[in-house]
Amino acid sequence: MTKSLCERLFTQLDSFPLIDPHTHIDPLKPAASSLADLLGYHYYTELAHSAGMPRERIEEAGITPAERVRRLVEGLEPLENTVQYSWLIEMCQRFFGLADDRLTIANWEALYESSFTRMQQPDWAMHVLAASKLEAVFLTNDFDDPLEGFDTAIYIPCLRTDDLVFHLARPAVRERLERSSGNSVTKSADLRAALAAQFAHFCQRGARAAAISLPPDFSPRRVSEAEAAAALDAVLKQGENATAADRQTLACHVFWTLADLCDEHRLPFDLMIGVNRRVYPGGVYQGQDLFDSRVSLIQYRELFNAFPRVKFPISVLASVTNQELVAYSWIFPNVLTNGHWWYSNTPEFIERDAAARLEAIPQTKQIAYYSDMYKLEFALPKFAMYKRVLAKILAERFVLDRRWSEDRAIELGRRVLRGNVEAVFFAQD
Amino acid sequence: MTKSLCERLFTQLDSFPLIDPHTHIDPLKPAASSLADLLGYHYYTELAHSAGMPRERIEEAGITPAERVRRLVEGLEPLENTVQYSWLIEMCQRFFGLADDRLTIANWEALYESSFTRMQQPDWAMHVLAASKLEAVFLTNDFDDPLEGFDTAIYIPCLRTDDLVFHLARPAVRERLERSSGNSVTKSADLRAALAAQFAHFCQRGARAAAISLPPDFSPRRVSEAEAAAALDAVLKQGENATAADRQTLACHVFWTLADLCDEHRLPFDLMIGVNRRVYPGGVYQGQDLFDSRVSLIQYRELFNAFPRVKFPISVLASVTNQELVAYSWIFPNVLTNGHWWYSNTPEFIERDAAARLEAIPQTKQIAYYSDMYKLEFALPKFAMYKRVLAKILAERFVLDRRWSEDRAIELGRRVLRGNVEAVFFAQD
Amino acid sequence: MTKSLCERLFTQLDSFPLIDPHTHIDPLKPAASSLADLLGYHYYTELAHSAGMPRERIEEAGITPAERVRRLVEGLEPLENTVQYSWLIEMCQRFFGLADDRLTIANWEALYESSFTRMQQPDWAMHVLAASKLEAVFLTNDFDDPLEGFDTAIYIPCLRTDDLVFHLARPAVRERLERSSGNSVTKSADLRAALAAQFAHFCQRGARAAAISLPPDFSPRRVSEAEAAAALDAVLKQGENATAADRQTLACHVFWTLADLCDEHRLPFDLMIGVNRRVYPGGVYQGQDLFDSRVSLIQYRELFNAFPRVKFPISVLASVTNQELVAYSWIFPNVLTNGHWWYSNTPEFIERDAAARLEAIPQTKQIAYYSDMYKLEFALPKFAMYKRVLAKILAERFVLDRRWSEDRAIELGRRVLRGNVEAVFFAQD
């Protein structure tokens, strides 16, 4: 009974048009141009590398896309159990007609050719969007992105702020900020003006969120003007040689200023909490980051209290932080749950994390899922994975355990999958 | 098969008369006097607040109970998915004949009236106890509670000690202690005598436990007499301006003395570990506390070793601490598991935490559940939620996976639900 | 459907011959010589003690094995719910023909006698191995074990290094090292030579791994030669009175040297992370250790980067660390998952931990299970417990959710249960 119930619920959940609230899509090149763009996704390069393929073989410069695909296909067998591999297969089946349930040295070439032909069609990206029932996707834009040349109703700008908060000690970052904002950044007031200029630019171009990823040891706090000025001064003089304390103070100050600008511009501030960058410098591109699960949302206590009007959709990297996220969203009006991020984006973690959220947090405060994708083709299998888990949770915990009607369960699913994305990011308040 | 098996087990588990080992019932006013007492439970006010209702609207002074209910009902829609909401509906259906599965602006008034009539009946509290199969409930008494005017066989005193351990720096708390104990508190020996007087008073009035909730950073330790005297001296002189170190030392000293008095009086000491108070000062009443899940029972190592005869029934706020609780209960004879507390009291967390306990800890060392309620009406839906999860665990993990008979599974359920409450708190040893 | 599917999968998984990659078997006395050897396993003594039996009664010297069994049987009733108890019953049923599903004061004597007779048969150990489908078991050998008198093809040496890393301050340990290696240990170079001699000895005798258990606060780092020399000097002079800092530095240095020798000898280095020793000194033998779950694999970042050629099969004591283990194995080629250790070796924790691994880590990098047993009889029920959980995961998450064929699911099971033990520990690279 449960199995057919799950399938009925999945079919309904799978019928809603979606807006993907966090991706890394390049709006000028949103879809893949060959299988190399799909197999080159860090999930496959890092897993193939982890299973034994040398980084040099994966990342060798100058090889053709087809050769890159061939090499990676050779390294896929050890990954066939993973859910990440299942995304690849589902995507190849749905978009490119793969008939097998594996991608091997025997069948990759035919797939490469047939998929290549399809990807060259001028409306390929729009076809993928339509087949995936995606009406729009949020981008991840550098702060100095001109945001030009694309339809911002489909590709929605989102101001990514990691560089501003954590890398202002790098002269190149400061120069980018000065150039794009038209402000010099020599004292604290200038810095705020420069940041404000970026917000104005983004909001004018239809941005719907600011976003940042944060290391586990980051504890934002309000920094006094004098402290901020001193830290900025030190960083301007010494760049990356400034003390850790000065750089941390400046990071806090910039972060706080960004939150303040979010408040001013009524922009939600997506916080993605818990990543340590470059833990494994010998890893492949984008396959070097890990985490320390010893992080707590208590570190954000001052922030949540200081900005009651700013919505903070929060992603946590470690599932062990999910219960804190549930509790903080249950208590703080401005804290919302946002998707299942990266190392928590596999069915076992999604299942327990999503169930805990659906049982205890107001249904209006949960953004179910985002794909985090770099190419449009990945939304379909990633959302499908999530929706299968969601169908299971709704079937077991709501329809069976709590005797909800199927319609009521589907309505809850629609709300967290779609309705809340609109309510949170597109509200006219 | 599993579903009907679960239902059979639930029916049996639901037939046992219970003693609720931890509540906040006021024995002079144990049941609700209107729906406002039920909707005013912090679970509803804090969730309605979190979903957007202003605190001022919820807590406005001087409005009628009916008006308060009307306002909260207007804010319930966003919470309809939560299990906390399901407690409310089940309670209204069972006690007040609510026919719908939602409480809305369209049906609340009729329910308010009909429930109000029932609650005014003189035997309402006894009716609720009987309908909930509750034979007795533990209270949470201030240390200076006179414990008079109620039947201590039904409303069992429990000495709550948070104020003594953490707020002795407040003159008002010291005055309450001096007044109720008849001892001055000017030196360490006096302090112990004052505390001893409270224990004597409570034990004379039938108290069956002492209890305390503890912040995640608390690490109890034995404090030397000289250290204790110095800390008490500093706190007496400076009150809440005493240094954090002096206040912490005094807290450790009082806590240790309480454990020693528990030993002397053979009183179990309920530890509720992990809450941070007033993390969100802008929250509604009782809706301001959260936690930092980075806590370990290793912090209690010295305590558990020092008091082998004191039973420590332990609740942990964060499910991530449950495995430590399982392991410490498995090894230390004096450590027991106690219920599913607050932010861990939702089905997903209960399910995994209870399963882990039932599989690995002696069956004699597990107190399954307490309601933590403020009004008697909540025991029924909260225990029912727990018993549904327990039935599922027993069905899947014992009857199916381990081929236990249903009778044997029910016997285990009876023991953890009822038998152990008697064995732990009412043993004549 | 799921139930019969699980059973079909279990039957297949249960048919593979196995190599147990971590045990504490004494190769000169691998099987039990009476029930006392089985009931004396710390799981039963510590649980009986935790449930109320005095340590003195359990560990009294000079009593007969039968009397020890009688006493423990008297204390078993409180443990009947535990999975540890189920191992005992399954073992007694399978090896000694116990017909009941409980071991009681009424039936223990007959079982004692009949089992005793069987255990005296000269081929008993070989019989147990065959009945358990075990082809070989890894040992846990002291660094100065002569490794003589047994068949190293069945009983595979493994160099246990805890004493070397953490107890070199004890004169007795240093003397054992000097005696067995034939080297004095008076300066850093000598120390390395002594350690190298032990590696040479173990490898010559067919060792297939080095292993160590580590406390939660250990953070290995490369120590400079000068630092190492100074620390060794301090420890040589002051023994256990050396400062914590000097002892920690020496521990890091020895650990790093061992990793380097593993690299040189192509020996995998099993890390068992997270145990605190002697937390409960009043506990029974081997029932005194617990843990602090606040540990992170980020502490091993420098190690994993420094030794890319050394395979690190990693066990974590706390299930809350499992997600880090999944992520680190997914990224680092030299990090592998290894079994379900100690307090995480119960079905609820195994189920979630194993599911998360199977979904996200290359199938070649997961060593499913080891028994950790002290007597051969325990492999059968412990592996059976694991295989039942594995069958359930494969049924639900692969055959049903991902539409795998049963054969493909069984192939994955075979790989993690058996294939990877060979590939990781017996590779000729």
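Numbered from 1 within each chain, the chains take letters A, B, ... in sequence-line order. Worth knowing before you read on, the calculation uses all heavy atoms, side chains too, and leaves out hydrogens, waters and symmetry mates.
Among the candidates B:Glu351, B:Glu77, B:Glu90, the residue making the largest number of heavy-atom pairs closer than 4.5 Å to chain A is B:Glu77. Counting heavy-atom pairs closer than 4.5 Å to chain A, the top residue among B:His49, B:Gln84, B:Met53, B:Arg388 is B:Gln84. When each of A:Asn322, A:Val326, A:Thr321, A:Leu358 is scored by its heavy-atom pairs under 4.5 Å with chain B, the top score falls to A:Leu358. Comparing A:Arg294, A:Lys365, A:Arg402 by how many heavy-atom pairs each has under 4.5 Å with chain B, the most go to A:Arg402. Looking only at heavy-atom pairs under 4.5 Å with chain B, the residue among A:Leu336, A:Ile331, A:Ile298 that has the most is A:Ile331. Among the candidates B:Val83, B:Leu79, B:Leu290, the residue making the largest number of heavy-atom pairs closer than 4.5 Å to chain A is B:Leu290.
Rounded to the nearest 0.5 angstrom, A:Ile361 CD1 and B:Asn81 CG are separated by 9.0 Å. To the nearest 0.5 Å, atoms OG (B:Ser293) and CG (A:Leu325) are separated by 11.5 Å. Taken to the nearest 0.5 Å, the CG atom of B:Asp292 stands 5.5 Å off from the CD atom of A:Glu324. For the atom pair CG of B:Asn276 and OG of A:Ser296, the computed distance is 7.5 Å after rounding to the nearest 0.5 Å. Going from atom CE of B:Met385 over to atom CG of A:Asp401 covers 12.0 Å, rounded to the nearest 0.5 Å. Of the inter-residue distances, the one linking B:Asp101 atom CG with A:Ser405 atom OG reads 8.0 Å to the nearest 0.5 angstrom.
Annotation: B:Arg94, atom CZ; neighbour count of heavy atoms from other residues, nucleotides and ligands within 6.0 Å does not exceed 12.
Looking at A:Val295, only its backbone comes within 4.5 Å of chain B, counting heavy atoms on both sides. Contact of B:Arg278 with chain A is made through the backbone alone, with heavy-atom distances under 4.5 Å. At a 4.5 Å heavy-atom cutoff, B:Pro216 makes no contact with chain A through either its backbone or its side chain. Residue contact with chain B, scored on non-hydrogen atoms closer than 4.5 Å, is absent for A:Phe304. The part of A:Gln299 that comes within reach of chain B is its side chain, from C-beta onward, which places non-hydrogen atoms under 4.5 angstrom from that chain.
No donor-acceptor pair under 3.5 Å is formed between the side chain of A:Glu359 and the backbone N or O of B:Phe349. Under the 3.5 Å distance criterion, the side-chain polar atoms of A:Asn305 are matched with a main-chain donor or acceptor of B:Val279. A donor-acceptor pair under 3.5 Å is absent between the side-chain atoms of B:Glu46 and the main chain of A:Trp330, judged by distance alone. Side-chain atoms of B:Ser319 do not come within 3.5 Å of backbone N or O of A:Gln323 as any donor-acceptor pair. Distance alone, capped at 3.5 Å, places no donor-acceptor pair between the B:Tyr85 side chain and the A:Ala360 backbone.
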Please assess B:Glu80 against A:Glu411 for the test side-chain contact (heavy atoms from CB on, under 4.5 Å), listing each intermediate value before the final yes or no.
CA-CA 12 Å; B:Glu80 287 180 354; A:Glu411 214 34 63; over 6 Å; no
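When all heavy atoms are compared, the tightest approach of A:Arg352 to B:Glu348 is CB-OE2, 3.0 Å.
Under the 30°/60° scheme for interplanar angles, the aromatic rings of A:Phe332 and B:Tyr280 are found to be tilted.
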